[in-house]
Amino acid sequence: MQQVPPDEGESVFPPNDSPQEIETGLWRIPVPLPFALRSANIYLLDNGAAGWAIVDSGFGLPADEAALRAGLAHADVSLDAITTIFLTHAHPDHIGLSGTIQAASGAPVYMLAREDQRMYDVWSADADPSFEAVTAMYAANGLPPDEVASSATATARVRRILRLPRRNTVHLLEDGETLRLGGFTYTAIWTPGHSDYHMCLLRDDNVFIAGDHILPSITPNIGLYPHSRPDPLRDYFNAIQRVRDLPTRTVLPGHGRPFSALAERVDALRIHHEERGAAVLDVVRQHPTGISAYALASIIFGGRLRTSDDRRFALVEMLAHLEYLCGEGYVAREDLDGQIVYTTSVQTPASRRL
Ligand SMILES: [Zn+2]
């Protein structure tokens, strides 16, 4: 799930956001979210005689559906005119109404191959109810037991809200694959980091659909999970560099308003993560006998971890940084009877004195 990092405030989106015609045949419809991020964008793209395509589908609450219906009415588009659904990634605030839209229009869903597996494995109503691997990972990395227990409850609650598309209607795209819609060519671009098989789309008139890969005023959460690729922060650094210099006149983010300065935003995101990594390494160095990822998160974020969601997102973000630093050789992971701690990898304080 997307989050607002605890250090970046809650008021990043302007109040009274409303549907916006970005240019002819291209609409942004913000829908509300019940957490700090406050809203997610659904984009509506003219598909000529074939109707309309949408990118992403908000969360699945009645308020999302009402906002989507109001936005479509504003754009004078009926729900059953939506003939194509793109999903940039399988986070709840992007997939929630896809099944509802599909039920009205029969539209097929397009997403990158393997992101579909994550969607059904994690978020379908009949998915593993124990959520065992994730809760075990939280516990091993220091999350307090009551928080571990509440994480499974929170996941079950989200599963009940989401309306996923039927499995046999999902068309899987590969990196670099193109689709023709409404006289334009759209190219799918694999952009891992925020999710493993996150997809951006570049339209051949230089409109860049960014999903949550690049956001205008907040930092996309990069977190490590048990079944995710092993080094998501390294993936993310590579994937933001990959899109940095694309020919782009408008960037359409998954949250917030469209913007144009893609390269500047990529550079700012890279610097943010580099600075965060340096702060993480400093704290690890101050704990020569090792520190858990959760203790580290508590030091880095302090009182800004107000909710259970904040604490879990901070933990997985710390894990992504720590595993990146392990890969760079600065930090080592140690398993102490099932409790994982991180230390500086070079030497102990005693050997350093020799
Ligand atoms: Zn997301």
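What's counted below: heavy atoms across the whole structure, side chains too, no hydrogens, waters or symmetry copies. Atoms within each ligand, like the ligands themselves, are counted from 1 in listed order. Along the sequence shown, the residues carry numbers beginning at 1.
Classification of the Tyr110-Phe86 ring pair by plane angle, with boundaries at 30° and 60°, yields tilted.
For residues 49-60, there are no salt bridge (Lys or Arg N to Asp or Glu O under 4.0 Å) pairs, not counting sequence neighbours.
For Arg118 and Tyr197, the positive end is not near the middle of the six-membered ring at less than 6.0 Å and at most 45° from its axis.
Nearest to the Zn ion (ligand 1), among the N, O or S atoms that Asp212 has, is OD2. Distances from the Zn ion (ligand 1) to the N/O/S atoms of His89 are shortest for NE2.
In terms of the ring pair (Phe, Tyr, Trp, His ring centres under 6.0 Å) criterion, Tyr43 has no residue partners (sequence neighbours excluded).
Our summary of the site lists the angle at the Zn ion (ligand 1) between ND1 of His91 and NE2 of His194 as 90°, to the nearest 10 degrees.
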